[in-house]
Amino acid sequence: MNLELLESFGQNYPEEADGTLDCISMALTCTFNRWGTLLAVGCNDGRIVIWDFLTRGIAKIISAHIHPVCSLCWSRDGHKLVSASTDNIVSQWDVLTGDCDQRFRFPSPILKLQCHPRDMDKVLVCPMKSAPVLLTLSDCKHVVLPVDDDSDLNVVAAFDRRGEYIYTGNAKGKILVLNTDTQELVASFRVTTGTSNTTAIKSIEFARKGSCFLINTADRIRVYDGREILTCGRDGEPEPMQKLQDLVNRTPWKRCCFSGDGEYIVAGSARQHALYIWEKSIGNLVKILHGTRGELLLDVAWHPVRPIIASISSGVVSIWAQNQVENWSAFAPDFKELDENVEYEERESEFDIEDEDKSEPEQTGADAAEDEEVDVTTVDPIVAFCSSDEELEDNRALLYLPIAPEVEDPEENPFGPPPDASGLSGAGEDAGAGADKKQRQPCSEMGPAKKKARTTTIELKGVPSDEVHPLLGVKGDGKSKKKTAGRPKGSKGKDKDFPFRPKPHKGEQPSLSVE
C-alpha cells in the first residue's frame, strides 16, 4: 500500500484497541524494525518471536537464550538482531537464518542495549551498576564510557538520531553528551526540579525525525532540543521545550517514546496498563488508552510510519490503532451515501453512446491528457522510509521474511509411485529403500555443521557480579532474589526438579498410572 495515501490531515495517533498478538509464551519486550514491517518480541523462555506486522502472523521464531530476553534492537538494514537476556548475555543474530553470529558475557545484568543508527558494527550496552559500554562487534573490543561521578553508576545511555553523540544520564540528574568516536565530553547539563533538587534519570529517548529528545525522570517527562544542548556546551542550563506529567495522579512512567513523525509522545504508566499520549508542540494530553484493569505495563513501542502502538502487559502484546471509517467518496468524488431510497431522475443523454451535452473544451483536455507519456517504470523512493539526509532507499534492507506454507495433510510418499501400483514385492522393497534413501539424503546434504558462535567475556573493573536483573528481582530475602526464570534445565532422567516425589518400589506401578 502506498504510504503517501495514508497521510491523514486529522489526528495521527491511535484511539482504540486493535487486537492482540499471542506469542504462546510470556512477552517481555518488543521493538519494530526501521520500516515497521516486522515486530520482534522477546519472551520469558528465551525465545525471540518475529511477527510479520502486515499479516499479523508469526514469520520466525529464534530459540535465542535460556533465560528471559530483556532487551532487543534491530540493525539499520534489518538483517541483524541484537538481544540481551537476564543471565548477562548479549547475542547478535542473523534474522534470515536464525543463527547466532557472536555472544558477549557481561559481569552484571543488562538493562538496555541499542544498535548504532548508522554504523552496524557498534552496539551501546547499559549494564546494571556500571558505566555504559560501547561494543565493536567486528573485533570484539569494548570501550567504557566516562561518567560524571564514579560513585553513582546507575547510568542510562542512548545514541542520538544519527549516532554522532551518546547521551548519558545518572541518578543525580546529570546529562553528559559524548562524541561517539572519541568519547570526549561535548556538552553537559543537570536536570533539576522546581526546588533545585536533582531527580534521577530513568531513560533517554530520541525522535526518529527532528532533533528533539525526551528525558524520563522520577517526577515528569522533559522534552529538549538537541541543537540547543550542543550550543549551551558544558555545564549549560537549557530550558526544556515541554514538561509532561499526570497532574492528578502523579503517575511515574515505565516507558516513553516518540511517534514515527516525532509529533506525539506516548508514556506507559508504571502503575497500570494505561498509555498517555501528548502532542509535542503544544504539550497537551490528547488521549489516554486504558488496558485491562490490574495489569502492569512492561514495554511500549510506536510504529515508525503508522499511528499504531504496541504495548506489553501480562505477557501479551496489545495493538492500539485508529478507528478506520470507510469513506467511499475518496474513490469517487461524486459518490453520495444515502440514508433512504431516493427516486433518481436520469439525464436525457446519460445512456447515449456519444454524449451530446459534453462541451468541446473538455474533449480537448481529455485528448491532451491521452497524448502525455506516463512513466510506469521509475520507482520513486518512499519518503517515510528515507532519512532527511538520504535520497534513496537501502536496496539491501530486509523488510519481510519468507514463510513456508504449512501443509495440513501432506502425502506420505510424494516422489514415489502410488501405493496401489502393481509390481513385484521385490520392486516395492527397492522402491521403499529408494524412498528411504531420498528421505535420508537431505540430512547428509545439509552441508557442514553450523559453526558455534564465539563467546567473548567482557571484564569490567569494580562491577559487582552478584546482581540480579530487575525482571527477576523479588522483594524479600536474598534467597528469593536468586530465583531465576526461563526454561527448566533437563533433569537427565533423575527427579531433580521434584525431590519429594515418592519413587515406586520394584514391581509396583507408578502412582500416575490409569486403573
Trace of the side-chain contact (heavy atoms from CB on, under 4.5 Å) decision for I229 with V177: CA-CA 9 Å; I229 302 297; V177 184; 3.9 Å; yes
Qualifying salt bridge (Lys or Arg N to Asp or Glu O under 4.0 Å) pairs, either residue in residues 224-236, two or more places apart: K174-D235, D225-R227
Under 3.5 Å, is there a donor-acceptor pair linking the side chains of [X] and [Y]?
| X | Y | answer |
| --- | --- | --- |
| R250 | Q245 | yes |
| S269 | W253 | no |
| R222 | T217 | yes |
| T31 | W74 | no |
| N12 | D261 | yes |
| S25 | R47 | yes |
| D121 | T136 | no |
| H65 | S85 | yes |

Worked check of side-chain contact (heavy atoms from CB on, under 4.5 Å) between I319 and I308: CA-CA 7 Å; I319 305 298; I308 297 175; 3.7 Å; yes
For [Y], does its backbone N or O pair with a side-chain atom of [X] as donor and acceptor, under 3.5 Å?
| X | Y | result |
| --- | --- | --- |
| S71 | K112 | no |
| S313 | L297 | no |
| H67 | T86 | no |
| S108 | M128 | yes |

Qualifying residues under side-chain hydrogen bond (donor to acceptor under 3.5 Å, both in side chains), relative to D52, sequence neighbours excluded: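 side-chain hydrogen bond (donor to acceptor under 3.5 Å, both in side chains) list for D52, sorted by chain: empty.
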side-chain hydrogen bond (donor to acceptor under 3.5 Å, both in side chains) partners for T29, two or more places apart: D299
Does this structure show an ion pair linking [X] with [Y], if we count only N-O contacts that are shorter than 4.0 Å?
| X | Y | value |
| --- | --- | --- |
| R255 | E205 | yes |
| R396 | D77 | yes |
| D246 | R271 | no |
| E15 | K287 | no |

To the nearest 0.5 angstrom, please state how far the [atom1] atom of [X] sits from the [atom2] atom of [Y].
| X | Y | atom1 | atom2 | result |
| --- | --- | --- | --- | --- |
| L230 | E164 | CG | CD | 9.0 Å |
| M26 | I312 | CE | CD1 | 10.0 Å |
| R220 | L247 | CZ | CG | 8.0 Å |
| I50 | I58 | CD1 | CD1 | 11.0 Å |
| R103 | T455 | CZ | OG1 | 5.5 Å |
| C43 | I62 | SG | CD1 | 11.5 Å |

Test of ring centre spacing under 6.0 Å for F104 and H142: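 Judged by ring-centre distance (under 6.0 Å), F104 and H142 do not meet the cut-off.
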Is the closest side-chain heavy-atom distance between [X] and [Y] below 4.5 Å?
| X | Y | value |
| --- | --- | --- |
| R34 | R76 | yes |
| C23 | I61 | no |
| E340 | L338 | no |
| W302 | P14 | yes |
| P132 | V125 | no |
| V123 | L134 | no |
| Q102 | C140 | yes |
| K129 | E467 | yes |

Result of checking N154, T199, D149, D152 against K172 for side-chain hydrogen bond (donor to acceptor under 3.5 Å, both in side chains):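 Exactly one candidate clears the test, D149.
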Criterion salt bridge (Lys or Arg N to Asp or Glu O under 4.0 Å) on K122 and D181, from CA distance to verdict: CA-CA 11 Å; K122 293 180 180 177; D181 297 326; 3.3 Å; yes
Qualifying residue, where the test is ring pair (Phe, Tyr, Trp, His ring centres under 6.0 Å) with F213 and the options are Y165, F159, F258, Y167: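 Between F213 and the candidates, ring pair (Phe, Tyr, Trp, His ring centres under 6.0 Å) is satisfied uniquely by Y167.
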Result of checking I265, N216, N284, L214 against L244 for side-chain contact (heavy atoms from CB on, under 4.5 Å): I265
Residue R56 excluded, over 12 heavy atoms near CZ under 6.0 Å: yes
Residues, nucleotides or ligands: over 12 heavy atoms within 6.0 Å of E459 CD: no
Nearest heavy atoms of C115 and C73, plus distance in Å: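 Closest approach of C115 to C73: N-SG, 3.1 Å.
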Evaluation steps, side-chain contact (heavy atoms from CB on, under 4.5 Å), between L145 and I166: CA-CA 9 Å; L145 301 180; I166 298 174; 3.9 Å; yes
Parallel, tilted or perpendicular: rings of H273 and W320 (30°, 60°):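 Rings of W320 and H273: perpendicular, over 60°.
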Residue pair L275, S311: steps toward the side-chain contact (heavy atoms from CB on, under 4.5 Å) verdict: CA-CA 9 Å; L275 303 175; S311 65; 4.2 Å; yes
